[in-house]
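Read through the structure below, which is laid out as structure tokens, and then see the notes.
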Amino acid sequence: MKRILILIIFLLCSSKVLSKEVWIYSDDGAWIDGIIALEQFFDYNSITHKRVYAKDLNTSNSYSEADAICFPGGYAYDYKLALSPKTIVNIREYVSKGGSYIGICAGAFFASSNVVWEGEEYPYSLSLFKGKATGSIQKIAAWDNYAMTKISINQENKIFQKIENDLTVLYFGGPYFESEETIFDTIATWDGYNNFPAIINFNYEKGRVLLIGPHLEIEENNDRDSTMFAFELNDIESDWDFLATIANWVLDIETGVDESIQTNQNLITYPNPASDYIEISISDNQNQSILIFNSLGIEIKRIEANELIGKSSICISIDKFPVGIYYCTLTSTENSITKSFVVLR
């Protein structure tokens, strides 16, 4: 009965994902490679999306059809010029009433009340984040250069399951964040610059805001983002699984996982991303089973409790799994714990 309930939860989560729509701002100042990479990322995660332009936002008083508005990388000053003062008010009201805002690099600058760029400070009126967004970080890469850099993931942030301690990401002019007014949670910090916040999240009245300094949408030496930007850089990690996890929070996609359980049990999937096999490590195998679901909530693999007796880990062949995101659930008669993993080729 519990297994059926878990499957129902995953199916409900899946249908919720499919119903989500993200508007991607694609007008003056928006970086086309970032737009394309985001579209591929959302397609990969079965999240519907569409491009919107300044005219769309300037002529509409309601953005209720959008579950989130995403301002990608590019040039925040052009966003400021293209959108009317009334549109700025409308975006702020949209978020305050329960909408979501995703800002990546320039989109994060745009959402801040004060932008410090190359030592000069400028006021911005959207002001979802009442604080400073400061860039470029020349210690990592002076503008308009780019480089791979490490971020440290805040293991105390409760919006994601405990995964990597750090991640190598693309830096291309993004900010770090400071505020004495907005209460925010830090998702990750810049290793290369005093561990200042690199990715933050917070609630804006009834809405949710996610501000991202690095370009997690770009898959440097992988063409699945349909761009060639930074293709010459060697990054063995995929940032999409991490991006999907934090995007789940801003889009209010529930995972059905009890966070209190996470601290009491240990479920590790390795490697992640994986291609041929995945090793699942567990801390307690008494009366526990393992179920693997695809992104649509369909169970595709099951390891019964009797197969786990006396084992601290089990190796599963995934060479026939299609590329995508999967969910591994360790379940017992008392509770369950879930960890996502990515299959790449």
Side-chain angles (χ1 to χ4, degrees), residues 12-13 15-27 29-30 34-35 38-39 41-43 45-74 76 79-80 82-113 124-131 133 157-160 177 179 181-185 187 199-213 216-217 243-255:
L12 289 173
C13 290
S15 64
K16 193 172 185 182
V17 171
L18 291 172
S19 69
K20 295 294 178 181
E21 178 167 275
V22 178
W23 288 4
I24 305 172
Y25 182 77
S26 306
D27 215 323
I35 294 168
L38 279 169
E39 290 173 331
F41 165 77
F42 288 131
D43 284 343
N45 287 279
S46 300
I47 297 171
T48 59
H49 55 84
K50 72 174 183 179
R51 297 186 184 188
V52 294
Y53 301 88
K55 182 179 179 181
D56 300 321
L57 298 178
N58 287 337
T59 58
S60 175
N61 290 321
S62 174
Y63 311 139
S64 59
E65 294 179 4
D67 292 283
I69 298 177
C70 177
F71 279 78
Y79 300 170
K80 184 178 180 180
L83 299 176
S84 70
K86 181 65 163 61
T87 298
I88 297 299
V89 171
N90 288 342
I91 294 173
R92 194 184 306 119
E93 289 183 351
Y94 157 79
V95 179
S96 71
K97 293 177 181 178
S100 294
Y101 181 97
I102 303 170
I104 300 173
C105 197
F109 282 115
F110 182 60
S112 304
S113 59
Y124 274 65
S125 57
L126 181 55
S127 196
L128 296 174
F129 177 64
K130 297 184 184 303
N157 193 303
K158 299 301 183 182
I159 74 169
F160 57 86
F177 304 97
S179 179
E181 292 186 61
T182 295
I183 298 173
F184 65 89
D185 291 322
I187 294 175
I199 306 173
I200 64 174
N201 68 290
F202 56 93
N203 291 96
Y204 183 86
E205 296 184 21
K206 295 180 180 179
R208 297 184 177 194
V209 179
L210 174 65
L211 303 183
I212 304 171
L216 304 178
E217 77 278 16
L243 179 57
T245 305
I246 58 179
N248 282 354
W249 174 82
V250 78
L251 289 169
D252 195 20
I253 298 171
E254 303 296 338
T255 62

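Considering every non-hydrogen atom in both Ala133 and Ala108, the closest pair reads CB-O, 4.5 Å. Among all heavy-atom pairs drawn from Ala106 and Pro72, the shortest one is CB-O, 3.8 Å. Among all heavy-atom pairs drawn from Ala111 and Tyr101, the shortest one is CB-CE2, 3.5 Å. In plain terms, the two heavy atoms of Ala244 and Asn45 that are nearest each other are CB-OD1, 3.6 Å. For the residue pair Phe177 and Phe184, the shortest heavy atom distance occurs at O-CZ, 4.5 Å. Contact detail for Ser113 and Ser127: the closest heavy-atom pair is CB-OG, 3.1 Å.
Remark: the backbone N or O of Val22 is not paired with any side-chain donor or acceptor of Asp67 at under 3.5 angstrom. Put simply, the side chain of Tyr94 gets close to the backbone of Ala68: a donor and an acceptor are under 3.5 Å apart. Side-chain N or O atoms of Arg51 include none that pairs as donor or acceptor with a backbone N or O of Ser26 at under 3.5 Å. Between the side chain of Ser179 and the backbone N or O of Lys130 there is at least one donor-acceptor pair closer than 3.5 Å. Between the side chain of Asp252 and the backbone N or O of Asn248 there is no donor-acceptor pair closer than 3.5 Å. Of the possible polar contacts, one joining the Arg92 side chain to the Ser125 backbone as a donor-acceptor pair under 3.5 Å is found. Remark: side-chain polar atoms of Asn58 are paired, donor with acceptor, to backbone N or O of Ala54 under 3.5 angstrom. Under the 3.5 Å distance criterion, the side-chain polar atoms of Ser112 are left unmatched by any main-chain donor or acceptor of Gly131.
If you take OG on Ser60 and CG on Asn90, they are separated by 7.5 Å, rounding to the nearest 0.5 Å. With rounding to the nearest 0.5 Å, the separation of CD in Glu21 from CD in Glu65 is 7.0 Å. Atoms CD1 and CD, on Ile24 and Glu39 in that order, are 5.0 Å from each other to the nearest 0.5 Å. Remark: Ile35 CD1 to Glu217 CD distance equals 10.5 Å, nearest 0.5 Å. Going from atom CD1 of Ile212 over to atom CD1 of Ile200 covers 10.5 Å, rounded to the nearest 0.5 Å.
Counting heavy-atom neighbours within 6.0 Å of Lys50 NZ, excluding the residue itself, gives a total above 12.
With Phe110 as the aromatic partner, Lys80 does not meet the cation-pi criteria of under 6.0 angstrom to the ring centre and within 45 degrees of the ring axis.
Side-chain atoms of Val95 and Leu128, non-hydrogen and from C-beta on, do get closer than 4.5 Å to each other. Contact of the Asn201 side chain with the Val250 side chain is not registered, since no non-hydrogen atoms from C-beta on lie closer than 4.5 Å. Inter-residue side-chain proximity for Ile199 and Leu210 is flagged as met; some heavy-atom pair is nearer than 4.5 Å. Annotation: side chain of Leu83 is in contact with side chain of Ile91 (closest heavy-atom distance under 4.5 Å). For the pair Ile187 and Ile246, the minimum side-chain heavy-atom distance is below 4.5 Å. With a 4.5 Å cut-off on side-chain heavy atoms, Arg208 and Trp249 count as touching. With a 4.5 Å cut-off on side-chain heavy atoms, Leu57 and Tyr53 do not count as touching. Phe129 places none of its side-chain heavy atoms less than 4.5 Å from the side chain of Tyr204.
In this view, Asn203 satisfies the side-chain hydrogen bond (donor to acceptor under 3.5 Å, both in side chains) rule with no residue, not counting sequence neighbours. Partners of Asp27 according to the side-chain hydrogen bond (donor to acceptor under 3.5 Å, both in side chains) rule, which considers only residues two or more places apart in sequence or in another chain, do not exist here.
Between Phe109 and Tyr124, the ring center distance fails the sub-6.0 Å criterion.
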Derivation and outcome, side-chain contact (heavy atoms from CB on, under 4.5 Å), residues Ile69 and Phe71: CA-CA 7 Å; Ile69 298 177; Phe71 279 78; 3.5 Å; yes

Check against side-chain contact (heavy atoms from CB on, under 4.5 Å), Ile183 and Phe202: CA-CA 7 Å; Ile183 298 173; Phe202 56 93; over 6 Å; no

Audit row: Lys97, Glu205, side-chain contact (heavy atoms from CB on, under 4.5 Å) steps and yes/no: CA-CA 7 Å; Lys97 293 177 181 178; Glu205 296 184 21; over 6 Å; no

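Between Trp23 and Tyr63, the ring-plane angle classifies as perpendicular under the 30° and 60° cut-offs.
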